[in-house]
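One structure is given below, encoded as structure tokens.
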Amino acid sequence: MGKLNASLILPSVVNGGRYFSNSYSHFSSSVNSFAPHIDALNKKPMSVSEKGKRCDRFHSVGDALIVFNKMIGKNPKPSIVEFTKLLAAIVRMKHYATVVSMCSRMELLGVSHDVYSFNILINCFCQLDRVDFGYSVLGKIMKLGVEPSVVTLSTLINGLCKQSKISQAVSLFGEMVGKGYLPDLIVYNTLLNGLCKIADTDRAVKFLRMMEGRGFKPNIVAYDTVIDCLCKNGLLKEALDLFSELKVKGIKPNVITYNCLIHGMCNSGQRNEATRLLNEMVDKNISLDIVTYNILINAHCKEGMVSNAEDIVDTMIKRGIEPDVFTYNALINGYCLQNKVDKARRVVQSMMEKGCAPNIVSYNTIINGYCKAKMLGEAVKLFHEISRKGPIPNIVTYDTFMQCMFQLGGVSSACETGKCEEALKLFQAMRNSKLELGIVSYNIVIDGLCKVGRIEAAKELFHELPFNGLEPNVYTYTIMINGLSKGRLPDEAHQLFRSMGDDDCLPNSRHYNVMIQGFLRNGYTLEATQLLAEMVGKGFSADICTVTLFVNLILGSDKSILL
């Protein structure tokens, strides 16, 4: 097996792992210092039941800490093997920060770690979402000349995937295999999950093939993971091909497999295909579960067939499956889509009577329904109700209110100023609170300001984004370009259009059309024509609004201006 090289280690820990001691000692003290607690436990006499207790079985972390304190008090101290058993027992109780603190104390007392105890420490850091400290431990291992095991690297891969650092996980996996380490099926499935989590469908399918090529037979869990990813990204043909493949290989699809496919078909409007799969489930004696029913109920509600969805709920109950919060939320959404918000409120009342507590999604859906029906007063009443009784409003709740206020603000000039000011006050309150505002919240406010003609305020908010750790996305640029164009600032709109690449946000067909329409409305005919040629050259097409403006221009002007 080849030696690992420094490319595996983060730059901050390459120089001998010096960062290791400082990093996890600082981390353990910042999370919680257990030393005083351990000292206090030392004064507590050990009960009869604790005497002779195996150090891998404890009723509580307190029992484990008592044993640890006695171990470090011995001279000579027990072997690292005994300490490792104790640490492993505490990990099984999920007290990861406790283990970090204990390891720090062990090092201060001169207890030498081995690869097994190091692996436990790496796992604790990864479970605490500090994979960077896990890398620090790897640096220490290499400094001491200890050979990392396959568990060491697999644990780091799992930690990277847990923090959605999939590219780093894939790189580490590649070097791990290249150095002769043999990953197990768990590592393969972890990476497969990670790739699907970031919707990298191509690499996920290739990884599935690589598993087979290296002698690992993917199980139904692996296939379900990839099929689900393909369905969620609209690649239904590819998902069905994989589904056929697993059946040819003698791997029996389960309820999860069918749920993924049926969900994908329902989302794409392929009702006949979803029905075929449903019938196939029944033929194979695969029982429908709560997820299957929820998929069907949600699909019917979205298509406006709420009464059919209610019938499915009745069938489900007759078969011994009780509706859950997702079932009720689908019905709430169905009624709101039909502007029957009062019926949606009755669904909430019904679920509470049946012992199923509504969540913030339930209330957000109804608040959104009231806002769309222009019943802001009812929405505000419901907001105050949940603020008093729970659940806690989230960013979606506030975004819904802001969007509603800006929309109502544009209904008439009489209420325009008042509603916008209310929305801005709400936005400012959100910024002052502990809510982490995302680009969606800013897009709503920027769009609202542009629509009511407050372009300067919108520009100020747009330029403020980098200082709040946010980057504009394609929607932000569309909003601003459109707002500047309608605000008689086509030059600024064009300048912003050309700067999109600076944020790795290349203009698409929508941006070209918005920019061309802005030029035409502001009398920049030549610029509009040149941009049209550029757009067509990039493979984009003019939309109906752009075509209409050009036709009107041709009919009302000298056609030669467009040549």
Side-chain angles (χ1 to χ4, degrees), residues 399 402-403 406-407 409-410 413 416 420 423-424 427 437-563:
D399 283 351
M402 282 195 304
Q403 201 157 22
F406 278 120
Q407 286 170 348
S413 57
E416 181 177 303
C420 289
L424 289 172
F427 179 67
L437 300 188
I439 191 64
V440 174
S441 305
Y442 279 88
N443 284 349
I444 290 169
V445 179
I446 292 170
D447 187 40
L449 290 169
C450 287
K451 283 178 177 174
V452 298
R454 297 180 61 173
I455 304 300
E456 289 303 316
K459 283 164 59 178
E460 186 178 331
L461 211 53
F462 176 83
H463 292 302
E464 195 181 291
L465 290 174
F467 299 103
N468 292 309
L470 297 170
E471 291 183 359
N473 59 20
V474 288
Y475 302 107
T476 324
Y477 278 106
T478 304
I479 291 163
M480 280 303 302
I481 291 167
N482 194 39
L484 290 167
S485 297
K486 288 184 175 179
R488 302 285 180 184
L489 297 168
D491 292 324
E492 285 190 41
H494 191 231
Q495 186 180 354
L496 187 62
F497 173 79
R498 292 301 182 195
S499 72
M500 288 181 68
D502 297 341
D503 287 318
D504 295 324
C505 196
L506 297 176
N508 57 28
S509 177
R510 174 68 179 148
H511 298 110
Y512 273 99
N513 277 289
V514 167
M515 192 65 248
I516 291 167
Q517 291 160 25
F519 274 149
L520 289 173
R521 290 191 178 104
N522 285 280
Y524 285 47
T525 309
L526 180 61
E527 289 83 351
T529 308
Q530 290 171 342
L531 200 57
L532 177 68
E534 181 183 316
M535 178 177 74
V536 173
K538 290 183 179 291
F540 299 130
S541 302
D543 63 20
I544 187 65
C545 184
T546 302
V547 171
T548 303
L549 287 170
F550 266 112
V551 168
N552 291 340
L553 181 67
I554 292 168
L555 293 176
S557 325
D558 181 357
K559 297 179 185 179
S560 65
I561 64 171
L562 299 178
L563 298 178

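Computed from a prediction, not measured in an experiment: that's the story for all the values here.
Side-chain atoms of Ile439 and Glu471, non-hydrogen and from C-beta on, never get closer than 4.5 Å to each other. The closest side-chain heavy-atom distance from Phe550 to Ile516 is below 4.5 Å.
Partners of Ser485 according to the side chain to side chain contact (heavy atoms under 4.5 Å, CB included) rule, which considers only residues two or more places apart in sequence or in another chain, are Ile481, Ala493, Met515. Scored by the side chain to side chain donor-acceptor pair (under 3.5 Å) test, Asn443 finds Asn473, Thr476 as partners (sequence neighbours excluded). For Thr546, the side chain to side chain donor-acceptor pair (under 3.5 Å) partners two or more places apart in sequence, or in a different chain, are Asn513, Gln517, Asp543. The side chain to side chain contact (heavy atoms under 4.5 Å, CB included) search around Ser541 returns none, not counting sequence neighbours. With sequence neighbours excluded, the residues satisfying side chain to side chain contact (heavy atoms under 4.5 Å, CB included) with Leu489 are Ile455, Leu484, Glu492. A search for side chain to side chain donor-acceptor pair (under 3.5 Å) contacts involving Asn508 returns His511, not counting sequence neighbours. Checked against side chain to side chain contact (heavy atoms under 4.5 Å, CB included), Ala457 has the following partners two or more places apart in sequence or in another chain: Leu449, Arg454.
Without hydrogens or angle criteria, Asn482 side chain to Thr478 main chain gives no donor-acceptor distance under 3.5 Å.
Of all heavy-atom pairs between Pro507 and Phe497, the closest is CB-CE1, 3.6 Å. Minimum interatomic distance between Ser441 and Met402 (heavy atoms only, all atoms of both residues): O-CE, 4.0 Å.
Around atom NZ of Lys459, more than 12 heavy atoms belonging to other residues, nucleotides or ligands sit under 6.0 Å away. Heavy atoms of other residues, nucleotides or ligands lying less than 6.0 angstrom from OH of Tyr475 number 12 at most.
The ring-ring contact (aromatic ring centres under 6.0 Å, His included) analysis of residues 517-536, with sequence neighbours excluded, yields the pairs His494-Phe519, Phe519-Tyr524. Residue pairs satisfying the salt bridge (charged side-chain N to carboxylate O under 4.0 Å, His left out) criterion with at least one member in residues 508-536, sequence neighbours excluded, are listed as follows: Arg498-Glu534. The salt bridge (charged side-chain N to carboxylate O under 4.0 Å, His left out) pairs that include a residue from residues 441-453 are Asp447-Lys451, where partners are two or more places apart or lie in different chains.
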In a table with atom names and distances, give each donor-acceptor pair under 3.5 Å that connects a side chain of residues 460-467 to protein atoms at least two apart or in another chain.
| unit_1 | atom_1 | unit_2 | atom_2 | d |
| --- | --- | --- | --- | --- |
| Glu464 | OE2 | Arg431 | NH1 | 2.2 |
| Glu464 | OE2 | Asn468 | ND2 | 3.3 |

